[in-house]
Chemist: 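Have a look at the structure that comes next, please.
By convention here, the first residue in the shown sequence is residue 1. Remember, it's 1-based here, ligands and their atoms both numbered in the order they're listed.
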Amino acid sequence: MSKPVNVWDYERLAEERLDANALAYFAGGAGDEVTLRDNVAAFERRKLRPRVLVDVRKVSTATTVLGTEIALPILIAPLALQRMAHEDGELATARAAAAAGTIMCLSTASTARPAEVAAAAPGSARWFQVYVFGDRGQTEALIAEAVDNGFSALMITADTPYLGRRERDLRVDFKIPEHLTVAGDIFGEGFDAGLSWRDLEWLAGYELPVVVKGILTAEDARLACEHGAAAVVVSNHGGRQLDGVPASLDALEEVVEAVDGRAEVLLDGGVRRGTDALKALALGARAVLIGRAMVWGLAAAGEQGVADVLRLLKQEVELGLALLGCASPADVTRAHVT
Ligand SMILES: Cc1cc2nc3c(=O)[nH]c(=O)nc-3n(C[C@H](O)[C@H](O)[C@H](O)COP(=O)(O)O)c2cc1C
């Protein structure tokens, strides 16, 4: 293939590079993968409403999330087992995110310890994603390591009392490659399926902003705010948990209305283009996160691949803003999308 020019090109490259075991894990969704497909289709259904004859000589893609400045409204979603995509794994992703001026959220199920990731990209902004295991001590040890190493927010994934049933994994008899060590083993240890809203108080005890990931309804958005969430992530886990739920983008407005400014609203699921980020911004998201778009870059070319995916997406956001008649993400309003 000639030089990749978009995320789809990176997806094709990744499909060529990855073995069947890894590809099933990274690409697959739950059940019939209706939600997985709909995450992408929802972006196609929405149409942008550009305003013309606006001075766009100077366009900035920069914004803030939870008070941290980021160079583009796109963060790196927590994604497990990144050394299965490339030997440098999470360290490569952390360096690429830092160089691009954005935040990486490290997964509990990462193949590099929080301390290693911090050392690989010192000075970068980083968040830690929390899965709560039945053995809470294991979770607490990981959070403590993240807190000690400058991770600045805790993102609790709320949609995973059990792992979804991912049939591509079943077909290849998915296994974590033996040479990899996982910080928090999501396949071995059971999750705490009794986790509830009250546990947000325990998490708040670490005195970092708490981000609740996996919100799809107004009801849960309100509960997250009432329990002190600094931000929520509208997410269906990339179509990997309950199949048949709405595309993230279709659930966004309901959540934005329910939150009513009390917390920041982020979104992930199906983001493959800068214009996807702009559609989410228009519907009220502060920023979006990318999972698979990042991992395709990582699989294709390690740190440089992730850097290039972020560079391409940033360019798409910048051009999209200009053609939309907006000088910055802050100028994007509800009127810019139907
Ligand atoms: C291979 C893979 C592994 C993931 N691992 C995690 C994880 O460890 N923790 C988590 O909260 N979400 C995890 N997610 C969900 C992502 O954080 C995110 O919600 C999803 O990838 C967004 O959809 P996208 O892949 O279309 O961008 C994972 C997603 C994928 C595809």
Chemist: Tell me the contacting part of Met155 for ligand 1: side chain, backbone, both, or neither, using a 4.0 Å heavy-atom threshold, strictly below.
Modeler: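 Met155 to ligand 1: no contact under 4.0 Å from either part.
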Chemist: Which of the atoms of ligand 1 are close to Gly291, meaning less than 4.0 Å from one of its heavy atoms?
Modeler: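 Listed by number with element, the hits are 21 (O), 25 (O), 27 (O).
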Chemist: Does ligand 1 have any atom sitting under 4.0 Å from a heavy atom of Met294?
Modeler: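 Flag not set, Met294 not near ligand 1.
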Chemist: Quick test: of every protein heavy atom, which one is nearest to atom 19 (O) of ligand 1, and how far off is it to 0.1 Å?
Modeler: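 Result: Asp268 OD2, 2.8 Å.
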Chemist: Less than 3.5 Å apart, any donor N or O on the side chain of Arg126 or Ser124 sitting next to an acceptor on the other?
Modeler: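 Yes - a donor-acceptor pair under 3.5 Å links their side chains.
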Chemist: Please assess Glu33 against Arg166 for the test salt bridge (charged side-chain N to carboxylate O under 4.0 Å, His left out), listing each intermediate value before the final yes or no.
Modeler: CA-CA 9 Å; Glu33 301 188 338; Arg166 300 155 192 174; over 6 Å; no
Chemist: Number the atoms of ligand 1 from 1 as they appear, then name those within less than 4.0 Å of a heavy atom of Arg272, with their elements.
Modeler: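 Going through ligand 1 atom by atom, the ones under 4.0 Å from Arg272 are 24 (P), 26 (O), 27 (O).
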Chemist: For ligand 1, find out whether one of its N or O atoms is nearer than 3.5 Å to an N or O atom of Ala80.
Modeler: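 Between Ala80 and ligand 1, an N or O pair is found under 3.5 Å apart.
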Chemist: When you look for heavy atoms under 4.0 Å from ligand 1, do you find them on the side chain of Leu79, its backbone, both, or neither?
Modeler: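 For Leu79, backbone and side-chain atoms both sit under 4.0 Å from ligand 1.
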Chemist: Is it the side chain, the backbone, both or neither of Ser235 that has a heavy atom closer than 4.0 Å to ligand 1?
Modeler: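 Side chain only; the backbone of Ser235 stays clear of ligand 1.
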Chemist: Show every donor-acceptor pair shorter than 3.5 Å between a side-chain atom in residues 63-77 and any protein atom, with sequence neighbours excluded, or say none if there are none.
Modeler:
| from | atom 1 | to | atom 2 | distance (Å) |
| --- | --- | --- | --- | --- |
| Thr64 | OG1 | Arg286 | NH2 | 2.9 |

Chemist: Counting non-hydrogen protein atoms only, what is the nearest one to atom 7 (C) of ligand 1? Give residue, atom name and distance.
Modeler: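 It is Tyr131 OH, 3.4 Å.
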Chemist: Show me which atoms of ligand 1 lie under 4.0 Å from any heavy atom of Tyr25.
Modeler: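 Listed by number with element: 1 (C), 3 (C).
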Chemist: Quick one: does ligand 1 sit under 4.0 Å from the side chain of Arg292, the backbone, both or neither, non-hydrogen atoms only?
Modeler: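 Within the 4.0 Å criterion, Arg292 contacts ligand 1 through backbone and side-chain atoms alike.
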Chemist: Any atoms of ligand 1 less than 4.0 Å from a non-hydrogen atom of Gly269? List them with their elements.
Modeler: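 The atoms of ligand 1 under 4.0 Å from a heavy atom of Gly269 are 22 (C), 23 (O), 26 (O).
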Chemist: Ignoring hydrogens, just give me the one of Ala27, Pro78, Ala24 whose non-hydrogen atom is nearest atom 28 (C) of ligand 1.
Modeler: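 Closest candidate by heavy-atom distance is Pro78.
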Chemist: Under the rule for side-chain contact (heavy atoms from CB on, under 4.5 Å), what residues qualify as partners of Ala119, not counting sequence neighbours?
Modeler: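 Ala119 satisfies side-chain contact (heavy atoms from CB on, under 4.5 Å) with no other residue.
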Chemist: Please verify the inter-ring angle class for Phe174 with Tyr25; under 30° counts as parallel, over 60° as perpendicular, anything in between as tilted.
Modeler: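 Parallel, since the angle between the ring planes stays under 30°.
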Chemist: We want to know whether Ser235 and Asp268 form a side-chain donor-acceptor pair, criterion being a heavy-atom distance below 3.5 angstrom.
Modeler: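 Side-chain D/A pair, Ser235 to Asp268: present.
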Chemist: Atom 8 (O) of ligand 1: which protein heavy atom is closest, and how many Å away?
Modeler: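 Ranking protein heavy atoms by distance from atom 8 (O) of ligand 1, first comes Ser107 OG, 2.6 Å.
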Chemist: Examine ligand 1 and decide if any of its atoms is less than 4.0 Å from a heavy atom belonging to Gly270.
Modeler: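 The answer is yes: ligand 1 sits under 4.0 Å from a heavy atom of Gly270.
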Chemist: Under a 4.5 Å cut-off applied to non-hydrogen side-chain atoms, are Leu180 and Met84 in contact?
Modeler: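 Result yes, sub-4.5 Å side-chain heavy-atom pair found.
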Chemist: Should the ring pair Phe191 and Phe133 be called parallel, tilted or perpendicular, given that the plane angle runs from 0 to 90° and is split at 30 and 60?
Modeler: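 If you compare the ring of Phe191 with that of Phe133, the planes turn out parallel.
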Chemist: Does a side-chain heavy-atom distance below 4.5 Å link Thr93 with Met294?
Modeler: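 Side-chain contact under 4.5 Å: yes.
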Chemist: Can Glu316 and Thr275 be counted as having a side-chain donor-acceptor contact under 3.5 angstrom?
Modeler: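 Side-chain D/A pair, Glu316 to Thr275: absent.
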Chemist: At a 4.0 Å threshold, what atoms of ligand 1 neighbour a non-hydrogen atom of Thr157?
Modeler: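 Reading through ligand 1 atom by atom, the close ones are 10 (C), 11 (O).
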Chemist: Identify, by atom number and element, the atoms of ligand 1 in contact range of Arg240, meaning under 4.0 Å from any of its heavy atoms.
Modeler: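 By the 4.0 Å cutoff, the relevant atoms are 1 (C), 2 (C), 3 (C), 29 (C), 30 (C), 31 (C).
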Chemist: Measuring from atom 12 (N) of ligand 1, which candidate in Met84, Lys213, Arg166, Gln82 has the nearest non-hydrogen atom?
Modeler: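 The nearest heavy atom belongs to Lys213.
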Chemist: Is there a side-chain contact between Glu145 and Arg113, using heavy atoms and a 4.5 Å cut-off?
Modeler: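 Counting from C-beta outward, Glu145 and Arg113 do come under 4.5 Å.
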